[in-house]
Colleague: 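My questions will all concern the structure given below.
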Amino acid sequence: MSIDTAPSASATALDATSGAATRRDILRRLLMTLGPILVALVIAGCILLAVGVDPLAYYGYVLEKGLFSPLGIQQTLTRMAPLLFLAAGLIVAFRAGMWNLGGDGQFLLGAVTAAASAPVLVEIMPAWLALFCSFLIAMVVAVVWSLVPALLRAYQGVNEIITTLMMTFLGTSLANVLVKLAFRDPGTTVPQTRTLPVEDRLPRLFETTITSGLLLGLAAIIIVHLVMTRTAFGLKLRIVGANPRAAVHSGLGVPGLTVAVFAISAGLAGLAGAVDIIGVQGNVRADWNPAYGLAVIPAVFLARMNGFAAIGFVFLLSVLSIGGESAARRLDVPNHFTLVLVSIVLIVLALAEYFDHRFNQSRKA
Amino acid sequence: KSIAILTPEEGTDYGWNQQGIDAAKAAGKAAGVEVVVAQGLGYGDVRPTLRELASDGASLLIAHASGYNTSAPEIAKELKVPVAIVDTPNGLEKGLVADYTLSGHQGAYLAGRLAAKMSRSKSVGIVVSGEPPSWNSQSAAFAQGVKAENPDVKITYAVIGPAAYSDAAGGKRVTESVIASGADIIFGQGNGSSFGMLQAVETTKAADGGKVYFIDVIGDKSPIDKGFLLSSVVWNIEPVYAAMIADLKADTFGTKHYTIGLKDDSVKLLKTAAIPDNVWAEIQTLREDVISGKIKVDPVYDAAAVRALMTSVAQ
Amino acid sequence: MSNVSSSSAFKPDIVALEGVTKRFPGIVANDSVDLSIRPGEVHVLLGENGAGKSTLIGMLSGLQQPDEGRILVDGKPTPITSPRHALALGIGTVFQHMMLVPTLTVAENLLLGGPWWQRPRIEELAARVAEITSTLGITVKLHAKVSELSLGEQQQVEILRAMVRNSRLLILDESTSMLTPKGIEELGALMRRLVGQGLAIVFITHKLKEAAAFGDRISVLKLGRKVGEIPPERLRALDEQEIISEIVELMFGKQKDDPEAVERPTRTVRTEAVPLLQVAGLAVASTENAPGLTSISFDIRPGEILGIAGIDGNGQKQLAEALAGQRMATGGSVRLEGVAIETLSVGERRRHGLRYLTDDRLGEGTVGTFPVSINFFLKQIGAAPFWRHGVEQRSEIDRRAAELVREYDVRTPSLKTPVARLSGGNIQKVLLARELAEGAKVVIFNKPTYGLDLANTLASRQRIRDTAARGLAVLLISTDLEELLSMCDRIAVIANGALVGTVANADDARTKVGRLMIGLAA
Amino acid sequence: MTGLFSEVFLSALLFGAVTAAIPLLLAGLGEQISEKAGVLNIGIEGMMLAGAYLGFVGAFYSGSLWLGFLTGAAGGAAVALVMALLCVRIGLNQIVIGIALTLGLEGLTALLHHFQFSRSYPRLPAADATVIPLLSDIPVIGPAFFKHHLIAYLAVALVFGMGYLYRRTQLGLNLQAAGDKPAALDVAGIDVIRTRTIAVLATGTLAGLGGAYLANVGAGLFIPFITNGAGFLGIVLAMLARGRPVWVLFGALLFGVCLSLTTAMQVAGINIPTDVIQMLPFLAVMIMLVLFGRRASLPAALGIPYERGAR
Ligand SMILES: Nc1ncnc2c1ncn2[C@@H]1O[C@H](COP(=O)(O)OP(=O)(O)OP(=O)(O)O)[C@@H](O)[C@H]1O
Ligand SMILES: Nc1ncnc2c1ncn2[C@@H]1O[C@H](COP(=O)(O)OP(=O)(O)OP(=O)(O)O)[C@@H](O)[C@H]1O
Ligand SMILES: [Mg+2]
Ligand SMILES: [Mg+2]
């Protein structure tokens with residue numbers, strides 16, 4: 001009895017058009033998130049026990065060093081900035097039913113061009129203008145990079161999973177080539193771009209080490225959320241995502257919208273690269289690839305492409321990565337354990353969402 | 001008080017990370033300071049770890065990876081904690097930033113001489129998994145050593161691929177190709193992938209049907225050797241760290257470059273049973289010449305220059 | 001509740017339902033339904049959209065399990081746990097929605113379900129199919145990909161599949177909706193032959209005449225409950241008109257004559273009026289799985305309903321899409337109020353007053369997961385007052401949506417309900433509301449009553465008549481000749497992508513159109 | 001140049017290309033099965049890692065490569081079982097679970113390696129090759145293509161086996177139906193969930209085998225992150241192949257040849273950064289897509305969990 005709607009492999013089921021959530025709804029959501037995380041911690045704790053590490057001590061450090069110590073929370077918040085931009089870009093793409101899996105390539109190219117341009121520009125113009133221009137350049141480069149998959153999808157119907165994956169392999173190599181051959185800092189033996197002086201980077205918030213990139217990232221994801229849920233443009237994109245044939249039937253310019261989706265999504269990924277470089281790193285080394293996309297993609301799905309929920313999940317990921325690193329060191333667990341922890345958290349959260357959904361269904365019946 | 005060392009990978013690689021960690025521990029023990037080890041941090045952003053180690057009271061942060069040489073000085077200035085970084089000779093800052101540009105080029109030169117002496121096929125190979133400066137200088141010096149010993153020995157230089165540090169299969173594949181091109185001694189550099197090179201050497205016969213030998217760098221892999229390890233350019237970083245601690249105490253931190261070399265045995269060639277005693281004796285003589293300056297070995301850090309050198313020496 | 005079944009049993013039931021109840025979130029789809037299905041009988045199931053017919057079928061074919069009650073097969077209580085189980089019990093179903101794999105050939109679809117390690121035994125199948133088709137009088141292209149077949153052909157394949165599997169009980173859920181009058185007649189004859197061979201058939205339809213003509217026993221569902229059954233003895237005793245009025249009484253609770261036999265109102269179209277829509281020489285290239293159009297020309301005047309008759313798959317959809325701008329025309333002109341619109345986009349044509357009510361409600365007409373309210377405005381996104389400066393005005397949308405729900409009698413739990421959860425008829429009302437909203441000048445209706453129950457069909461037809469009466473030009477595409485005859489001023493016949501003739505809807509229209517459809521001169 | 005490129009060297013390069021291609025081939029063939037059946041298996045990198053680790057462990061402790069391939073395949077299948085339970089049985093999001101499994105296996109195998117092998121770095125002896133008589137005597141080609149471990153030939157034979165399976169067996173029809181119109185398969189009496197589960201398990205088995213080949217034959221040892229993105233390449237290969245196993249073979253060989261080309265050019269002294277050469281296969285494919293870009297023929301239900309009777 002299944003009705004064959006929405007032929008695109010899009011996450012239609014997730015897009016029941018965000019209605020106004022009631023307070024109880026939010027509370028339940030929160031519970032449905034914290035509960036599973038607790039379960040995941042118990043499971044991961046068993047692994048820790050198996051290798052002879054006290055899980056309570058481990059989690060104590062994760063919480064302390066990732067969340068509750070002033071230093072830890074600052075680090076966590078700083079790490080969020082690029083992740084938020086990436087998440088924002090993925091939300092646009094996924095809501096519109098386009099699998100932009102090329103975020104890492106777009107991110108790196110944005111990072112490299114920002115790193116190449118910012119140190120030059122700050123010398124010839126006011127810092128704020130220079131940084132603005134660097135952001136712009138990073139964005140434009142990422143957008144241009146996404147044009148190939150966008151146009152192929154829009155006008156040739158070539159599946160974008162393949163093209164974006166390949167463009168990300170290409171982009172990673174190209175970023176390296178650029179660092180090594182085009183933008184290399186002549187002053188160092190290590191192949192890397194010139195370094196943007198610390199004082200020219202994005203200002204830090206108040207007296208902390210938190211980058212103001214965090215605010216930009218928050219702004220980006222909230223704007224994206226509002227545009228996707230509250231505006232005509234966002235609705236058009238969601239229609240393209242949920243039922244492309246309905247979009248054609250309704251007179252939407254699907255090819256144009258497709259290109260726009262890719263441009264926005266890639267542009268935000270490029271900005272993610274720029275905000276990481278201009279806000280924190282200062283330069284790009286050859287072979288640098290943090291591959292943030294791999295963790296952000298599932299987070300965006302778990303957030304059901306809701307911007308606010310995505311902020312929460314990105315925060316969680318940051319806490320785990322900052323606190324996990326610290327805890328691993330203190331307890332002499334290899335740092336790789338953090339990967340296992342993140343994996344278990346993702347799986348248990350996905351399971352919890354499923355059981356929550358089931359429960360609701362049976363309650364209504 | 002305490003010092004901390006940060007490494008990108010686990011300190012169990014019989015190489016760069018392990019040598020750094022072991023040396024820091026030894027130097028700390030000698031000086032009576034506690035050593036905090038933060039390993040397996042990857043090549044991403046280590047600012048959080050640097051800040052945390054500093055806030056935990058470390059009075060010296062050793063950022064033991066060229067990838068950390070932007071972030072560590074920044075944290076040093078931000079928190080007024082001394083850091084030591086690698087591969088950045090012009091980054092010194094008194095009391096804050098010290099550089100130790102480690103280069104085993106002197107040792108690699110000797111390794112080249114050794115290889116040229118011992119190669120039956122008069123053909124040797126250099127396999128690297130990437131081209132960071134410290135490896136480049138060794139590749140170049142090795143080639144110079146080979147040519148100085150015997151200009152007729154052919155050198156084959158091959159890079160596995162981008163970001164191939166963990167590409168053990170690539171290491172094996174490329175090494176096998178290089179052996180097929182005639183080499184019977186492989187000078188190999190590459191973290192995880194160097195185990196693939198070692199495996200290739202162990203499982204592939206040279207053109208004459210005999211053994212292929214492997215010359216390693218930085219660490220000492222003899223505990224896991226199966227009889228194919230000819231030598232290694234072993235680095236001992238302990239004197240560097242010891243000097244840093246001393247300078248820290250003497251308030252002269254950040255005023256000098258720390259290096260390693262043949263002179264104090266902080267770079268030395270590993271003697272294995274595979275090296276005949278007469279050859280070893282010749283190498284020891286050459287070692288004296290390098291120390292005394294009779295033989296000059298200049299480090300070449302730039303990848304393009306290394307490649308240029310290879311082509312020019314190959315013809 | 002009437003239940004006469006037990007008294008007159010000659011043969012034991014193949015399948016019987018006892019007090020079967022099935023609930024879905026927020027709805028009781030079947031409410032303790034009793035049903036007995038006997039060999040040698042065509043058991044017709046009737047009921048409005050959403051009455052629970054397909055749900056009942058779903059339980060018989062193993063797709064769903066009853067929440068309460070039990071199913072007896074050959075008198076033994078047998079939970080039907082899966083479609084495979086149902087097939088093994090000899091229950092073959094032709095579902096309401098197409099159940100063929102479009103990328104496989106007909107033969108491969110027919111073979112689907114065999115032991116996994118085997119080679120598909122095409123030769124064996126071909127022999128078996130030849131045997132069956134010769135008795136049925138149909139032909140199938142065994143080696144054609146299903147995606148290349150017309151909907152009618154696909155339906156034949158599905159019926160054939162149930163036959164190939166040696167079903168004892170054949171279930172046909174709205175299988176006539178895609179067939180031509182001739183095809184329906186043939187299917188009826190086929191059903192007679194099959195029950196003659198001792199099969200049992202369950203036949204679901206919305207057309208009361210078919211029920212009266214083909215049924216041996218008729219059960220009527222309403223809101224999930226069985227509200228009545230007409231046993232064979234009684235059916236044989238009544239003539240068609242009597243049967244229909246009895247059914248209507250069961251379904252709607254009031255006496256009424258054949259509700260479909262509506263007098264064609266004599267509307268007067270001013271023949272001298274300037275045509276609203278002028279189509280000249282319209283051509284569309286054929287594609288892999290769709291016929292093209294060649295030199296289509298017609299005019300429609302204000303207040304006029306032009307019908308397009310023809311066997312399904314002869315270019316009706318292409319015509320509609322080419323007019324609406326969804327399909328590229330390769331030649332010809334389309335003028336709306338004298339303005340050439342053939343180069344305009346879908347949206348621009350709509351702004352000029354052209355409306356297209358698609359026949360594919362879920363596939364392209366709506367976004368199933370979006371709320372009912374938004375689906376009313378899919379074609380007006382960004383327009384005031386529902387959006388201001390691109391920002392959604394939720395209260396404005398809800399206010400207007402509530403109005404439309406009331407005006408068009410859309411039965412929906414709420415404005416927020418995802419539209420796919422509505423029944424087909426109610427989805428159709430949403431589409432009607434959307435297309436007939438302010439600014440319409442020319443409206444194309446493509447099979448507007450396909451799959452709708454009687455009440456919804458009548459309501460939709462009245463809407464269309466009202467539309468024309470308001471002075472709009474209407475193009476009505478339908479495969480249902482009765483529908484066209486009851487509504488149109490003129491009827492054009494389409495065959496192989498070309499209009500083969502146009503007749504005025506006078507007394508002799510039926511024969512003229514019929515002759516055109518089978519390739520004779522009018 | 002001729003001196004540089006001796007016969008032995010050329011055949012070693014080609015041999016290396018084939019050795020590098022086999023894991024990609026197995027991964028691509030595996031992914032193809034899942035995708036045909038409508039499951040987008042993003043977790044294949046994790047399955048390969050599990051296969052690489054367990055394959056190595058099996059071969060190392062038993063001393064038998066064949067046992068290693070067995071344990072490797074079983075390891076991949078075990079991860080696939082988790083994926084099948086979560087994504088096929090209960091319909092969780094395939095991308096979330098796929099990525100989570102990849103991350104988890106990366107961490108887990110690195111962790112196990114740390115505790116188990118990080119002091120000893122054990123290595124296997126050379127894999128014994130099955131030499132094909134006559135063919136292996138052909139100059140250059142012979143040693144390059146006809147002196148591999150038996151499992152490599154089996155992998156290539158599998159290409160044709162899969163082709164036969166897809167086009168000539170009921171199971172092939174079932175797989176295609178499960179990807180294109182699962183409901184139709186269901187009402188034909190074939191359990192969609194079971195069909196997809198089988199497909200995912202087959203994917204895991206092949207990916208695990210590919211990982212084991214990579215570790216045991218390709219590298220002769222296991223180190224963390226050894227697969228280095230081979231699984232993602234497998235996904236790309238499977239999608240580009242549009243359901244045709246032969247194209248996976250061609251694609252895998254193209255990538256393998258490009259890797260060897262890197263070495264060849266360096267040895268020839270052609271001074272191009274390895275990054276540029278690595279871009280070649282992707283560039284070639286992208287250019288082909290731009291020039292001949294055809295509608296992708298991915299299964300209609302790819303990525304959509306099947307639930308009987310859902311609407
Ligand atoms: N899978 C399902 N989930 C939820 N509700 C369902 C499902 N299937 C059917 N329903 C509901 O059950 C009721 C009966 O639907 P059913 O399809 O049986 O009606 P029907 O009599 O076949 O209608 P039609 O004449 O339009 O085919 C409807 O209200 C429908 O909304
Ligand atoms: N997923 C669902 N959840 C809840 N209710 C549903 C769902 N799907 C269908 N329904 C309900 O089922 C009823 C009938 O739906 P259905 O699609 O079967 O209509 P239908 O009678 O088959 O229409 P048609 O004859 O036009 O196909 C509707 O009232 C609708 O509310
Ligand atoms: Mg129905
Ligand atoms: Mg229905």
Side-chain angles (χ1 to χ4, degrees), chain A residues 1-4 6-7 9-14 47 51 99 101 148 151-152 155-163 165-167 169-170 172-177 180-181 286 294-295 297-299 301-302 333-347 349-351 353-354 358, chain D residues 40 42 46 82 86 90-93 95-111 114-115 118 181-183 186 224 229 232-233 235-236 239-240 273 275-276 278-279 281-283 285-286 289-290 293-296 298-304 306-311:
Chain A
M1 285 261 264
S2 96
I3 298 165
D4 34 6
S10 64
T12 34
L14 295 173
I47 297 180
V51 300
W99 300 96
L101 299 185
V148 179
L151 294 174
L152 279 175
Y155 295 99
Q156 300 277 336
V158 177
N159 178 280
E160 74 283 3
I161 301 186
I162 315 174
T163 50
L165 265 179
M166 286 202 296
M167 290 303 276
F169 284 122
L170 269 177
T172 314
S173 294
L174 180 61
N176 280 336
V177 172
K180 288 174 186 168
L181 298 185
L294 215 52
I297 290 171
F301 273 111
L302 289 173
V333 192
N335 210 356
H336 305 305
F337 181 74
T338 315
L339 285 174
V340 180
L341 182 60
V342 168
S343 157
I344 295 174
V345 168
L346 290 177
I347 292 176
L349 277 171
L351 270 172
E353 194 193 287
Y354 165 79
R358 267 288 135 114
Chain D
L40 182 60
I42 297 265
V82 177
L86 295 179
I90 64 179
L92 299 189
N93 184 301
I95 295 217
V96 174
I97 298 302
I99 292 181
L101 285 177
T102 294
L103 291 177
L105 265 299
E106 280 180 358
L108 198 60
T109 52
L111 216 55
H114 174 86
F115 289 112
S118 72
K181 181 112 189 186
D186 197 10
F232 289 101
L233 269 179
I235 296 173
V236 169
M239 287 192 162
L240 286 173
D275 306 87
V276 177
Q278 298 296 295
M279 290 164 75
F282 299 105
L283 268 179
V285 174
M286 284 307 302
L289 280 177
V290 171
R294 295 174 301 171
R295 310 222 144 235
L298 291 178
L302 183 65
I304 305 170
Y306 179 71
E307 193 187 343
R308 182 180 286 165
R311 45 199 268 168

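The structure presented is a predicted model; accordingly, all values stated were derived computationally and were not measured. In what follows, chains are A, B, ... by sequence order, proteins preceding strands, each numbered from 1.
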Colleague: Identify the heavy atoms of L351(A) and L86(D) that sit nearest to each other, and give their distance.
Modeller: CD2-CD2, 3.8 Å
Colleague: Heavy-atom pairs under 4.5 Å with chain A: which of L233(D), L40(D), I90(D) has the most?
Modeller: I90(D)
Colleague: What's the spacing between I297(A) CD1 and N93(D) CG if we round to 0.5 Å?
Modeller: 10.5 Å
Colleague: Is there a side chain to side chain contact (heavy atoms under 4.5 Å, CB included) between F301(A) and I99(D)? Walk through the geometry before answering.
Modeller: CA-CA 11 Å; F301(A) 273 111; I99(D) 292 181; over 6 Å; no
Colleague: For residues L165(A) and M239(D), determine if any side-chain heavy atom of one lies less than 4.5 Å from a side-chain heavy atom of the other.
Modeller: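 They are not in side-chain contact.
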Colleague: Side chain from CB out, backbone as N, CA, C, O: work out which of these in L349(A) comes under 4.5 Å of a heavy atom of chain D, or both, or neither.
Modeller: neither
Colleague: Can you say whether L92(D) sits under 4.5 Å from chain A via the side chain, the backbone, both, or neither, judging by heavy atoms?
Modeller: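 For L92(D), side-chain heavy atoms alone lie under 4.5 Å from chain A.
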Colleague: Do you know the tightest heavy-atom contact between A100(D) and L346(A)?
Modeller: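 Shortest heavy-atom separation between A100(D) and L346(A) comes out as CB-CB, 3.8 Å.
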Colleague: Which one, L101(D), I235(D), L283(D), leads in non-hydrogen pairs under 4.5 Å with chain A?
Modeller: L283(D)
Colleague: Starting at CG of L103(D), measure out to CG of L341(A) and round the result to the nearest 0.5 Å.
Modeller: 11.5 Å
Colleague: To the nearest 0.5 angstrom, please state how far the CG atom of L302(D) sits from the CH2 atom of W99(A).
Modeller: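 It comes to 8.5 Å.
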Colleague: Do the non-hydrogen side-chain atoms of L294(A) and F232(D) ever get within less than 4.5 Å of each other?
Modeller: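 Touching, per the 4.5 Å side-chain cut-off.
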Colleague: Of the non-hydrogen atoms in V96(D) and A350(A), which two are nearest, and what is the gap between them?
Modeller: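 Taking every non-hydrogen atom into account, CG1-CB, 4.3 Å.
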Colleague: Please round to the nearest 0.5 Å and tell me the distance separating atom CD1 of I344(A) and atom CG of L108(D).
Modeller: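 The CD1 atom of I344(A) sits 8.5 Å away from the CG atom of L108(D).
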Colleague: For the candidates L151(A), V340(A), V177(A), L170(A), which exhibits the highest count of non-hydrogen atom pairs separated by less than 4.5 Å from chain D?
Modeller: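 Ranked by contacts with chain D, first place is L170(A).
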Colleague: Between V148(A) and chain D, with a heavy-atom cut-off of 4.5 Å, which part of the residue counts as in contact: side chain, backbone, both or neither?
Modeller: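 The side chain, not the backbone.
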Colleague: So which of T102(D), I95(D), I97(D) has the biggest tally of heavy-atom pairs under 4.5 Å with chain A?
Modeller: I95(D)
